[in-house]
A.B. asks: 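Below you'll find the structure I mean.
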Amino acid sequence: MISIYDILLDRFGDEVIVGQNAEATDPWIEVAPASVTEVCEFLRDDERLRFDHLNDLTAIDHFEPDPAKRARFAFEPHLEIVYHLSSYETRLRAVLKARLPRWRNDKHGEPPALPTVSHLWPIADWHERECYDLLGVYFEGHPNLVRMMMPEDWQGHPLRKDYEWPEDYHGIRTQ
Amino acid sequence: MASLASWRFNHSAMHLEDPRIIEFDVRTDEMLINMGPQHPSTHGVLRLLLRTDGEVIHEVTPHIGYLHRCAEKVGENLTPVQWIPYSDRMDYLAAMNMNLGVALCAEKLLKIDVPEKSMAIRVIVAELNRVAAHLLGMGAYGLDLGTFSPFMYAFRERELILDLFEEVCGARLTYSYVTVGGVTHDLPGEVPFPPGLANFTGHKASERIRWIDAVRVFCDWMTPRIRDYHTLLTKNAIFLQRTAGIGVLSREMAIGHGCTGPVLRGSGVDHDLRRDGEPIYTRMYEGYDFRIPVPPFAEASPTIELGDCWSRFYVRMLEVAESIKLIRQAIDRYEAATDGYRLPHRLNAKLPKDEAYLETECPRGQMGFYLVGDGSPIPIRARAKSSCFCNLSVVPPLSVGCLIADIPAIVGSIDIVMGEVDR
């Protein structure tokens with residue numbers, strides 16, 4: 001059984017491969033957000049790995065909106081982008097994570113950015129659009145980053161923990 | 001004056017090989033055509049914006065989200081067991097498989113090993129539902145291509161499966177039967193003979209029968225019906241002309257676009273999670289004798305290309321027969337099993353500070369569920385990765401250069417359910 005973490009660490013060093021969690025149910029590897037594209041390209045093209053299938057791309061919003069519960073909340077507020085990869089050739093599976101601040105420059109409403117992987121796996125195009133729409137992550141270099149599920153003029157990103165429903169949408173009550 | 005019979009295009013003189021190019025060579029103004037969201041052959045509320053030059057498609061832009069019901073946001077406010085009824089509404093044509101996906105994902109997170117008997121029950125209901133989903137896919141595909149009869153046949157059989165499910169859990173579409181730790185209750189013992197099944201097999205509806213025997217009767221009755229579908233559609237000359245060589249999805253494109261299920265296998269990739277998945281899922285299917293149909297098929301007509309609409313359709317049809325084989329074996333296992341149908345699981349069991357992502361082989365592809373726990377009973381992230389969403393993303397590149405009339409053939413062969421695409 002080869003260690004994907006060791007291969008990546010050997011290739012990129014600990015500046016890019018920030019850490020791992022080998023004890024988790026699905027062991028994951030943390031990557032510096034700016035280098036996601038290079039790491040993914042290596043994972044896809046390396047002979048030993050050949051991750052040709054992007055199973056899923058999503059994000060997790062680690063935030064507790066209720067101030068009363070915030071003290072017990074076990075995480076620092078941040079956003080995690082999760083890439084689930086697998087290979088039809090080598091039958092390997094991997095989980096990549098990139099950690100981002102919740103908002104760019106701490107300005108509420110400005111999505112944090114990270115490079116796109118849509119040129120590596122075409123399906124990432126749609127997954128990234130959905131992620132941008134619902135979770136507010138800006139993918140730099142994406143060819144057409146517009147909303148997927150919500151209408152194009154919708155405000156905010158509904159899967160954020162501190163999202164507040166608008167009063168109305170074009171005169172239609174939403175609450 | 002030359003007679004009509006001798007009149008022919010001299011293609012070589014025009015340097016054109018395909019006579020259709022003459023028509024296609026004439027450029028008209030491009031048109032924007034809006035197809036859907038209320039179009040019958042878009043399988044729900046899918047809106048396709050077509051940019052066409054005459055009859056030829058230049059670009060297809062799918063617009064989705066009309067059925068978005070915030071299933072993921074709901075999942076972040078409920079425990080996984082409470083989320084199961086919402087998973088019913090994702091792929092509502094294969095709700096058992098959706099339930100199974102959530103239940104297995106939560107079991108993976110909580111590290112629960114379910115008993116043998118519950119696994120046999122899960123295989124029975126999941127495969128019955130796969131048959132029902134593929135039947136509806138077949139019938140609706142016939143409708144898309146302008147033939148009505150297969151739809152009626154498909155619904156006749158599907159109705160019998162729904163009758164059986166009704167005896168199991170009372171619901172006909174949204175079952176919520178498979179739950180964390182097993183299934184909500186054991187399969188019923190003796191039940192009144194399902195009236196539809198009684199009618200077709202020469203029994204009386206007043207008779208009583210064990211539920212598993214009713215499933216056996218159904219399997220015996222269903223097996224010869226599959227031959228009818230091949231006569232009705234698979235080998236039908238018009239059907240072949242509409243689907244053979246249309247929407248050819250190459251192996252590389254299928255993998256790159258994340259296609260799964262029959263769409264992936266139709267392009268020649270031998271991958272089925274029931275055999276190649278994670279141990280918690282493949283354990284259910286261990287020791288079963290079943291085949292995974294992958295083209296090229298020896299019996300296919302010579303006009304068929306690998307990865308075209310017909311191949312995808314035929315993979316589904318062969319899977320129906322395999323599922324029936326699986327059901328028969330699962331019934332025997334169910335009768336032999338001595339343990340329970342469910343492990344005790346508290347509704348408010350605390351989720352560990354861990355995460356689990358699990359894909360299962362649903363009729364339409366690999367449906368993935370992702371649960372992230374933080375120590376409380378409610379996950380901080382509940383994600384449903386839809387197989388139809390990924391399969392639909394391949395429609396724009398497949399449709400370029402096709403005729404407008406081929407769009408229903410391509411969308412139908414992908415077999416999407418909008419409830420799952422939009423979640």
A.B. asks: So which heavy atom on B:Gly256 is nearest to which on A:Pro122, and how close?
C.D. replies: O-CD, 3.2 Å
A.B. asks: With respect to chain B, which residue among A:Tyr163, A:Tyr88, A:Trp28 yields the maximal number of heavy-atom pairs within a distance under 4.5 Å?
C.D. replies: A:Tyr88
A.B. asks: If I compare all heavy atoms of B:Ile380 with all of A:Lys161, which pair ends up nearest, and what's the gap?
C.D. replies: O-NZ, 2.7 Å
A.B. asks: Do you know which of B:Arg383, B:Lys111, B:Lys385, B:Glu359 has the most heavy-atom pairs with chain A at a distance under 4.5 angstrom?
C.D. replies: B:Arg383
A.B. asks: Looking at chain A, which one of B:Arg423, B:Gln366, B:Glu252, B:Met253 has the largest number of heavy-atom pairs inside 4.5 Å, strictly under?
C.D. replies: B:Arg423
A.B. asks: Starting at NE2 of B:His257, measure out to CG of A:Asp125 and round the result to the nearest 0.5 Å.
C.D. replies: 7.5 Å
A.B. asks: Looking only at heavy atoms, what is the nearest atom pair of A:Leu159 and B:Glu72, with distance?
C.D. replies: CD1-OE1, 3.3 Å
A.B. asks: Quick one: are A:Trp121 and B:Ile255 in side-chain contact, heavy atoms under 4.5 Å?
C.D. replies: no
A.B. asks: Shortest non-hydrogen contact from A:Asp26 to B:Tyr357?
C.D. replies: OD2-N, 2.7 Å
A.B. asks: Could you pull out the closest heavy-atom pair between B:Ser393 and A:Ile123, with the gap in Å?
C.D. replies: OG-CD1, 3.5 Å
A.B. asks: Which residue out of A:Glu130, A:Arg44, A:His53 racks up the most heavy-atom pairs below 4.5 Å with chain B?
C.D. replies: A:Glu130
A.B. asks: Is chain B contacted by the side chain of A:Arg91, its backbone, both, or neither, given a heavy-atom distance below 4.5 Å?
C.D. replies: side chain
A.B. asks: Does this structure show an ion pair linking A:Glu80 with B:Arg381, if we count only N-O contacts that are shorter than 4.0 Å?
C.D. replies: no
A.B. asks: Can you tell if the side chain of B:Tyr66 reaches within under 4.5 Å of the side chain of A:Met149, non-hydrogen atoms only?
C.D. replies: no
A.B. asks: Report which part of A:Arg129 has an atom under 4.5 Å of a heavy atom belonging to chain B: side chain, backbone, both, or neither.
C.D. replies: neither
A.B. asks: Which atoms of A:Ala124 come close to chain B, meaning under 4.5 Å heavy atom to heavy atom: side chain ones, backbone ones, both, or neither?
C.D. replies: neither
